[in-house]
Amino acid sequence: MKPNSFGSLTEPEIDALVERQIAGWRGTRLERRATQERFGFFNAAHLSVFIFEASKRQIRIRPKPAFTFWPGLEKVQAAQSRRYLHRAQSYRAFLERALARAALDDEFSFAIDVSDGPVGESDLPIFAFQKTAGSRHILLPDVDFFRFSWYRSIEDKVRYHDKSITGCFVGSSTGGQISGQAIMEKSLPRLRAASHFVGSPLVTFSIASAVQCQTPRAEALLRAQPYFSGRLDWPAQFKHRFLLSLDGNGAACSRIAIALKSNCVPIKFSSPFGLYYFDAAVAGRHYLEVGDEREVEPLIELERTRPGYFAEVAAAGTAFFHRYLSLDSVLAYASALLTGCARL
């Protein structure tokens, strides 16, 4: 089935996505001068928060003041600052397209926190790309849409029934600071899951990139673990019938999107983090949800006992991706979201 045969999102579907984000701000009175002062504070106080100023379908990023980095962390924070600026520039270009699509000529300002974990709650609406339950942050499409160029070049050419009835996860060691103690106690979710699946005939679960290690000794210890391996490209991972998605520093943005697009069954570990489209995806219909690693192998065993049992989930996930996560649909959502927020 060709992607364009899945159809586009309807206006009510887009409106439902937008309403979930701005419902918590309806009825809130935002006074322009006080808002601008607060935006100035956030712009100066947080490396990851940028102020965007829209006018006549164009957007500029308000310059940031010079930051004094913490002693001993200058290189790390400088690199972080460059990464945040790159994300902000990507959002500026994308949101200008959304403004043009909406024919929105209003003059208004808004703040975006481009970090994986946005700053705490505020009396002002602040955009982010992920949040935890109960947060009033307003969710934009996540930064991995830019990083992976809307996933256009990633194609799964292996038919569902031609895949091995096994599961796969290959990723980095994100999710917290990696110390020797954390490795030995398996205190971080990805380390715990990786250790659990060592020797499993049903699941390949590998850590392929050592990041966030506190010391060279901790990194060496991580690399010596039986679950540490080389990278595995997407065509190799697509040979498995199940793709696992487990949080790192936040929601595994690209992994769940790619799993949905593929001909595989996404298995998503339950997560406190949400992306803007998560409420529209239904567990059991578009993907399978597990509470922890112990729940994964029974699902794969069920598929082995009854081959094709989860084929409809794989197909529904693919349809969801092409309807909700295509460039056109994501732009339509962003256009409607900016229009709704400008009216606040």
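All of these numbers come straight from a predicted model, not from anything done at the bench. When a residue number appears, it is its place in the shown sequence, counting from 1.
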Could you grab the distance from atom [atom1] of [X] to atom [atom2] of [Y], nearest 0.5 Å is fine?
X	Y	atom1	atom2	result
Met184	Leu221	CE	CG	6.0 Å
Leu9	Tyr324	CG	OH	5.5 Å
Arg57	Asp106	CZ	CG	10.5 Å
Ser270	Leu246	OG	CG	9.0 Å
Thr166	Ile300	OG1	CD1	7.0 Å
Leu140	Leu337	CG	CG	6.0 Å

Give the cluster check for [X] versus [Y]: same hydrophobic cluster or not, with ILVMFWY residues linked at side-chain heavy-atom distances below 4.5 Å.
X	Y	value
Ile256	Phe320	yes
Tyr287	Leu17	no
Tyr277	Ile22	yes
Phe321	Ile14	yes
Val211	Ile207	no

Crowding at [atom1], [X] (>12 non-hydrogen neighbours, <6.0 Å):
X	atom1	value
Arg152	CZ	yes
Arg60	CZ	yes
Gln36	CD	yes

Evaluate the side chain to side chain contact (heavy atoms under 4.5 Å, CB included) criterion for residues Ser81 and Phe67: first the C-alpha distance (whole Å), next the side-chain angles of each, then the deciding distance (0.1 Å), finally the verdict.
-> CA-CA 10 Å; Ser81 179; Phe67 276 86; over 6 Å; no

Residues passing the salt bridge (Lys or Arg N to Asp or Glu O under 4.0 Å) test with Glu312, sequence neighbours excluded, are none

May I ask you to test the [X]-[Y] pair for a side-chain heavy-atom distance under 4.5 Å?
X	Y	answer
Arg255	Leu243	yes
Leu244	Val290	no
Val143	Tyr91	yes
Leu299	Phe310	yes
Arg147	Asp144	yes
Leu139	Phe278	no
Ile154	Phe238	yes
Val313	Phe242	no

Check for a donor-acceptor pair, side chain of [X] on one end and backbone N or O of [Y] on the other, with a separation under 3.5 Å.
X	Y	value
His286	Val282	yes
Gln212	Gly176	yes
Trp25	Cys341	no
Asp105	Lys56	no

Could you tell me how the ring of Trp150 sits relative to the ring of Phe146: parallel (under 30°), tilted (30 to 60°) or perpendicular (over 60°)?
->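 The rings of Trp150 and Phe146 stand perpendicular, inter-plane angle above 60°.
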
With side chain to side chain contact (heavy atoms under 4.5 Å, CB included) as the test, would you mind laying out the steps for Asp247 and Phe269 before giving the verdict?
-> CA-CA 8 Å; Asp247 287 354; Phe269 283 63; over 6 Å; no

Contacts of Tyr333 meeting ring pair (Phe, Tyr, Trp, His ring centres under 6.0 Å) (sequence neighbours excluded), chain-then-number -> Tyr276

Sorted by chain and residue number, the side chain to side chain contact (heavy atoms under 4.5 Å, CB included) partners of Glu37 (sequence neighbours excluded) come out as Arg33

Tell me, with the steps shown, if Tyr160 and Val265 meet side chain to side chain contact (heavy atoms under 4.5 Å, CB included).
-> CA-CA 9 Å; Tyr160 180 82; Val265 178; 3.6 Å; yes

Would you check, one step at a time, whether the test side chain to side chain contact (heavy atoms under 4.5 Å, CB included) holds for Arg304 with Leu202?
-> CA-CA 10 Å; Arg304 287 196 164 193; Leu202 299 180; 3.3 Å; yes

Ignoring hydrogens and geometry beyond distance, is a side-chain donor-acceptor pair present between [X] and [Y] at under 3.5 Å?
X	Y	answer
Gln225	Lys186	no
Ser173	Arg190	no
Ser329	Ser326	yes

Checking [X] now: which residues fulfil side chain to side chain donor-acceptor pair (under 3.5 Å) with it, not counting sequence neighbours?
X	answer
Ser55	Glu107
Ser200	Glu297
Gln181	Glu185
Thr35	none

ring-ring contact (aromatic ring centres under 6.0 Å, His included): which pairs involve residues 177-209, sequence neighbours left out?
->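 For residues 177-209: Phe169-Phe205, Phe197-Phe205.
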
Not counting sequence neighbours, list each pair that qualifies as a ring-ring contact (aromatic ring centres under 6.0 Å, His included) and has a residue in residues 173-192.
-> none

Which heavy atom of [X] sits nearest to which heavy atom of [Y], and what is that distance?
X	Y	value
Leu191	Ile178	CD1-CD1, 4.0 Å
Phe129	Cys253	CE1-SG, 4.2 Å
Lys131	Arg136	NZ-C, 4.5 Å

Looking at the rings of Phe110 and Phe127, which for Trp means the six-membered one, are their centres under 6.0 Å apart?
-> yes

Would you mind checking if Arg83 and Asp116 are paired as a salt bridge, meaning a charged N to carboxylate O distance below 4.0 Å?
-> no

Below 3.5 Å, can you tabulate the donor-acceptor pairs from side chains in residues 40-48 to any protein atom, sequence neighbours excluded?
from  : atom 1 : to     : atom 2 : distance (Å)
Asn43 : OD1    : Lys64  : NZ     : 3.4
Asn43 : ND2    : Pro63  : O      : 3.0
Ser48 : OG     : Asp113 : OD1    : 2.8

Apart from Leu232 itself, what residues make up its hydrophobic cluster, given side-chain heavy atom links below 4.5 Å?
->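 Direct or chained contacts put Leu232 with Val170.
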
Test the Arg62-Phe50 pair against the cation-pi criterion, namely NZ or CZ under 6.0 angstrom from the six-membered ring centroid and within 45° of the ring axis.
->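 Checked: cation-pi criterion not met.
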
Side-chain atoms of residues 95-103: list all donor-acceptor pairs with protein atoms under 3.5 Å, sequence neighbours left out, distances to 0.1 Å.
from   : atom 1 : to     : atom 2 : distance (Å)
Glu96  : OE1    : Arg92  : NH1    : 3.3
Glu96  : OE2    : Ile59  : N      : 2.8
Glu96  : OE2    : Arg92  : NH1    : 3.0
Arg101 : NH1    : Asp328 : OD1    : 3.0
Arg101 : NH2    : Asp328 : OD1    : 3.4

